[in-house]
Amino acid sequence: MTNLITTCIIIAVTLSTILAIVSFWLPQMTPDYEKLSPYECGFDPLGSARLPFSLRFFLVAILFLLFDLEIALLLPLPWGDQLASPLMTFSWASALLVLLTIGLIYEWLQGGLEWAE
């Protein structure tokens with residue numbers, strides 16, 4: 001058993017060392033003007049890059065991440081019926097969905113989802 005662990009550690013260290021050496025060796029050392037510019041799209045910037053974003057943009061982004069996380073939390077739910085108490089699993093999932101639905105309704109009623117004022 002210890003021989004297997006030692007072999008795995010040696011392989012991991014060797015592979016990571018090789019990859020670190022290759023990553024320093026492969027890139028080009030002569031960057032051109034386009035790669036050094038802050039915008040790689042091919043034209044000069046028309047305005048300042050320091051303009052503030054709307055707070056509504058961040059709110060929509062956070063809401064998207066919240067509901068995306070909800071999908072990740074509910075992903076193992078189809079395997080929940082194989083547990084010893086599937087009713088408990090489905091009740092926790094329902095509680096999570098109800099809580100997030102109440103939060104969404106609250107945001108909607110407060111006007112947080114309105115993009116234009």
Side-chain angles (χ1 to χ4, degrees):
M1 185 67 170
T2 54
N3 194 15
L4 178 65
I5 294 173
T6 307
T7 305
C8 289
I9 290 175
I10 289 173
I11 290 173
V13 168
T14 305
L15 186 62
S16 61
T17 305
I18 289 171
L19 289 176
I21 291 171
V22 168
S23 71
F24 285 113
W25 179 60
L26 276 182
Q28 278 186 335
M29 294 301 174
T30 55
D32 54 355
Y33 173 73
E34 286 80 17
K35 289 294 181 184
L36 291 177
S37 69
Y39 301 99
E40 295 182 15
C41 56
F43 62 88
D44 292 329
L46 303 175
S48 173
R50 302 285 183 216
L51 293 175
F53 281 110
S54 171
L55 287 178
R56 297 197 183 272
F57 172 77
F58 290 114
L59 178 66
V60 170
I62 288 172
L63 285 174
F64 173 75
L65 288 175
L66 176 72
F67 288 104
D68 193 39
L69 181 64
E70 169 204 351
I71 297 301
L73 288 174
L74 294 177
L75 190 61
L77 190 61
W79 290 277
D81 62 347
Q82 299 173 4
L83 295 174
S85 62
L87 185 62
M88 185 64 131
T89 304
F90 291 123
S91 62
W92 278 108
S94 300
L96 178 69
L97 285 174
V98 166
L99 182 67
L100 287 173
T101 304
I102 290 172
L104 179 63
I105 291 171
Y106 176 76
E107 281 292 325
W108 195 338
L109 293 177
Q110 292 296 320
L113 299 178
E114 299 291 330
W115 188 259
E117 294 180 9

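Because only heavy atoms are used, hydrogens play no part in the values below, and waters and symmetry mates are left out as well, while side chains stay in.
Partners of S85 according to the side chain to side chain contact (heavy atoms under 4.5 Å, CB included) rule, which considers only residues two or more places apart in sequence or in another chain, are M88. Residues forming a side chain to side chain contact (heavy atoms under 4.5 Å, CB included) with T17 (at least two apart in sequence, or on another chain): V13, I21.
The CD atom of E70 sits 7.0 Å away from atom OG1 of T101, with the distance rounded to the nearest 0.5 Å. Note that CD1 of I62 and CG of D68 are 14.0 Å apart. Values are rounded to the nearest 0.5 Å. Expressed to the nearest 0.5 Å, how far CG of L15 lies from CD1 of I10 amounts to 13.5 Å.
The cluster map of Ile, Leu, Val, Met, Phe, Trp and Tyr, joined by side-chain heavy atoms under 4.5 Å apart, puts I18 and W25 in the same cluster. Linking ILVMFWY side-chain heavy atoms closer than 4.5 Å, directly or via other members, places L66 and L96 in a single hydrophobic cluster.
With I102 as the fixed residue, the side-chain contact (heavy atoms from CB on, under 4.5 Å) test singles out one of V98, L100, L104: V98.
A20 approaches S23 most closely through the heavy-atom pair O-OG, 2.8 Å.
The neighbour count for L87 CG, taken as heavy atoms of other residues, nucleotides or ligands under 6.0 Å away, does not exceed 12.
The side-chain heavy atoms of T7 and N3, taken from C-beta on, include a pair separated by under 4.5 Å.
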